[in-house]
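Heads up, the thing below is written out as structure tokens.
Quick caveat: nothing in here was measured; it's all calculated off a predicted structure. In what follows, every chain begins at residue 1, and chains take the letters A, B, ... in the order their sequences are listed.
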Protein chains: 2
Amino acid sequence: MVLDDRKFMILKAIIDDYIITAMPVGSRTISRKSGVGFSPATIRNEMSDLEELGYLAQPHTSAGRVPSDKAYRLYVDSLLRSDEISTQEKQRIEDYISRRSGQVEDIIRAAADMLADVTQYTSVVVAPRIQTLRIRRVQLVPVSEGTALMIVVTSAGIMKDALISVPADISSDNLYALSEMLTRELEGHTLEEVRQIFARVFRDMSMNRRLLGGVMKVMEEKLTEDAPEDVVIGGTTKLLNYPEYSDIDKAKNFLTIFESKERLAGMLKKNGGMEISIRIGSENEMEALQNCSLVTATYRVGKHGSGTLGIIGPTRMNYRRVVTMMEYMGQVISKMLSGE
Amino acid sequence: MVLDDRKFMILKAIIDDYIITAMPVGSRTISRKSGVGFSPATIRNEMSDLEELGYLAQPHTSAGRVPSDKAYRLYVDSLLRSDEISTQEKQRIEDYISRRSGQVEDIIRAAADMLADVTQYTSVVVAPRIQTLRIRRVQLVPVSEGTALMIVVTSAGIMKDALISVPADISSDNLYALSEMLTRELEGHTLEEVRQIFARVFRDMSMNRRLLGGVMKVMEEKLTEDAPEDVVIGGTTKLLNYPEYSDIDKAKNFLTIFESKERLAGMLKKNGGMEISIRIGSENEMEALQNCSLVTATYRVGKHGSGTLGIIGPTRMNYRRVVTMMEYMGQVISKMLSGE
DNA sequence: CGTTAGCACTCTCGCTTGTTGAGTGCTAAT
DNA sequence: ATTAGCACTCAACAAGCGAGAGTGCTAACG
């Protein structure tokens, strides 16, 4: 079933209006709009059809119509064109983010804040995943009797660190020599390859077996799994400004989403590497997101790294602006993280 | 003006009741309580007196009475005894926290979550400040052409890291030698002393002047200032469960507190190293906290380090339980962080 | 003289009722 | 096919009312 032009136009007008006002839209409102040359009665007939087709819903008889998820889906699929961003705004964004130190977390944090600020919705940024990145350097630094800090530097300059236990009597020089050796062996390899190297090369090094086992274990943990710190949320309370969350229960329900960063990261990563993915209302699996839309985008870091950024807002969000901003922000993050 | 025993007892009864119900307390309610042998009329007279003295307030004529900030102040000053914690609960807390890796952030995070969980209020934990701590180790690790990661390990095992720029042609071995040298010179000294050492010892090392200047600068920044990551918040949305925040505006207002971790840390640190400090309602400077109470405690790390933990809840919070829990949690954190 | 019973008074809360206004659906005229 | 007209529906708001909780005051009591 395909909609004729007029139905299409009316539906678009309704969505445009509802996105701004968050109030059910009546036939008069649409009729008054410039560019629509029909009386309320005609609009009503069309609206009635659209309702039957599942694009509109009525909160109650004698209220206006409200777009359904299906309508938003049609809207984003067929009507979404990228917006322009003023050079002024671009400047502001780049300034804000590039003022940071080169630390990945700082940049991620800044990006999340900025994204929340320009869209006025809640933003989520996941730090670049590291699986396919290659190791550039491994270093062990003594911290105290029996513990050392292990630092892994990867291509793209992303670092991970973790405490591991080492023999109590090992010297600083010894650790350094070990670090150099590890770096020499592992440099340029991916985690997959590292596993094999460990199995092959280090099998006979009985002396440091336990230590190296620890190193491998930490690598697996840190480089495979997304640590909770790698998810950054910006503008958590932004959504409380929208009337759909003026009910305290809905607000509470919504805020629980952010209690588990792991689940959040899981959600975001479901976009399967798509440039931009939009999930509207019931298209979300998570219970608490049934009344929200989730827009996610992927950004690249270097050749093999990639991360995700997302915006969570009401289903009636301003998709055009959000998508535009996400695209741009993705570029900026890529540039910042790869360029370093 | 000192209250006689009966007034005192009645006031306590009112507060106890209000803490649980959050509803204005009437004279009948108090009269019915076991241990009070007076009729509602008598209670009313006393209540009237207490109101005149500023301990009670009436939301409106013919509602019950509500304790004022002054009443809570009296309550915590004179009636607060520590509670007992069941060994079972102690066990649960220690298990949860000690299951973490030794990383400071992890422990802080776990402590904040646990504190929010056992009190059902919002918790804030500030990582130990490092000023008076002594440096144990400095290490530079190459990250990419022209940048290195600088890691400072202090007594108590607290680490700080930062990226600094280094000459592009410096070798890994060279950086290691430099690290060893720095460690040798700075080990066991406080930041104050480090400044002097830099001025004295390294003055003539013209070659690495720029590099060392960078090292010093980062040290100052990282070790002096509290980085925003050092403040961890647990159970942000816990307070939304209480009726005093069922109004969305109040909730929003309250949630803005957590937007700036710096300001939050500033607030917490105002307890001046006191074991336990309680600020009730209007005793707080921050506008958004006028209807809340803030309970803070200091914990020690090693000999010279200290950090703060805090609970934010409604003025009618269960001070007894909160204080008890804070005391215990402070001990646990101390043990975890110092013991490593 | 402290304590208490009794009573009039006040104010919130929840319920019902009426009114208004926005918006619809249908029908008949254009 | 479009539109004007009209009857109808329903949420939202305001007004009015009774019930209930709680107070303050006064007078009686031990």
Side-chain angles (χ1 to χ4, degrees), chain A residues 3-11 13-18 20-68 71 243-244 246-248, chain B residues 3-11 13-18 20-68 71 243-244 246-248:
Chain A
L3 299 178
D4 63 52
D5 278 0
R6 198 172 68 184
K7 284 195 175 48
F8 209 87
M9 191 258 274
I10 291 173
L11 184 57
I14 293 173
I15 295 177
D16 282 338
D17 192 84
Y18 187 70
I20 298 169
T21 64
M23 305 281 273
V25 186
S27 53
R28 257 188 70 116
T29 318
I30 298 302
S31 168
R32 265 200 306 259
K33 274 204 176 177
S34 69
V36 186
F38 302 100
S39 79
T42 313
I43 309 285
R44 277 205 289 282
N45 287 328
E46 296 289 33
M47 279 172 142
S48 183
D49 291 354
L50 284 167
E51 181 165 4
E52 203 154 326
L53 292 167
Y55 290 104
L56 293 178
Q58 262 181 311
H60 55 85
T61 348
S62 95
R65 303 300 212 290
V66 165
S68 68
E244 26 270 273
S246 58
D247 174 21
I248 194 82
Chain B
L3 300 177
D4 62 51
D5 278 0
R6 197 170 70 184
K7 284 195 176 45
F8 210 88
M9 193 258 274
I10 290 174
L11 184 56
I14 292 173
I15 295 177
D16 283 339
D17 191 84
Y18 188 70
I20 298 169
T21 64
M23 303 282 273
V25 186
S27 54
R28 260 188 66 116
T29 318
I30 298 302
S31 167
R32 264 200 306 259
K33 274 203 175 176
S34 68
V36 186
F38 301 101
S39 80
T42 312
I43 308 286
R44 276 205 292 281
N45 288 328
E46 296 288 34
M47 277 171 142
S48 185
D49 291 353
L50 284 168
E51 181 166 4
E52 202 154 328
L53 292 167
Y55 291 104
L56 292 177
Q58 263 183 312
H60 56 85
T61 349
S62 95
R65 302 298 213 291
V66 165
S68 69
E244 27 271 272
S246 58
D247 174 20
I248 194 81

Spell out, as yes or no, whether a donor-acceptor pair under 3.5 Å connects the side chain of [X] to the backbone of [Y].
X: A/Ser68; Y: A/Tyr55; value: yes
X: A/Gln58; Y: A/Ala63; value: yes
X: B/Ser31; Y: B/Ser27; value: no
X: A/Thr21; Y: A/Asp17; value: yes

Worksheet, complete the sentence: So CG of B/Asp4 and CE of B/Met9: to nearest 0.5 Å the spacing works out to 10.0 Å
Worksheet, complete the sentence: Quick tally for nucleotides 11-25 of chain C: nucleotides whose base has a protein heavy atom under 4.0 Å get B, sugar-phosphate-only ones S, the rest -, giving BS---------BBBB
Would you kindly give the [atom1]-to-[atom2] distance between [X] and [N], to the nearest whole Å?
X: A/Ile43; N: D/dT2; atom1: CD1; atom2: C1'; value: 11 Å
X: B/Asp49; N: C/dT3; atom1: CG; atom2: P; value: 12 Å
X: B/Phe38; N: C/dC1; atom1: CZ; atom2: C1'; value: 14 Å
X: B/Asp17; N: D/dG22; atom1: CG; atom2: P; value: 10 Å

Discussion item. Check whether B/Phe38 forms a cation-pi arrangement with B/Arg6 (NZ or CZ under 6.0 Å from the six-membered ring centre, at most 45° off the ring normal).
Written reply: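 Checked: cation-pi criterion met.
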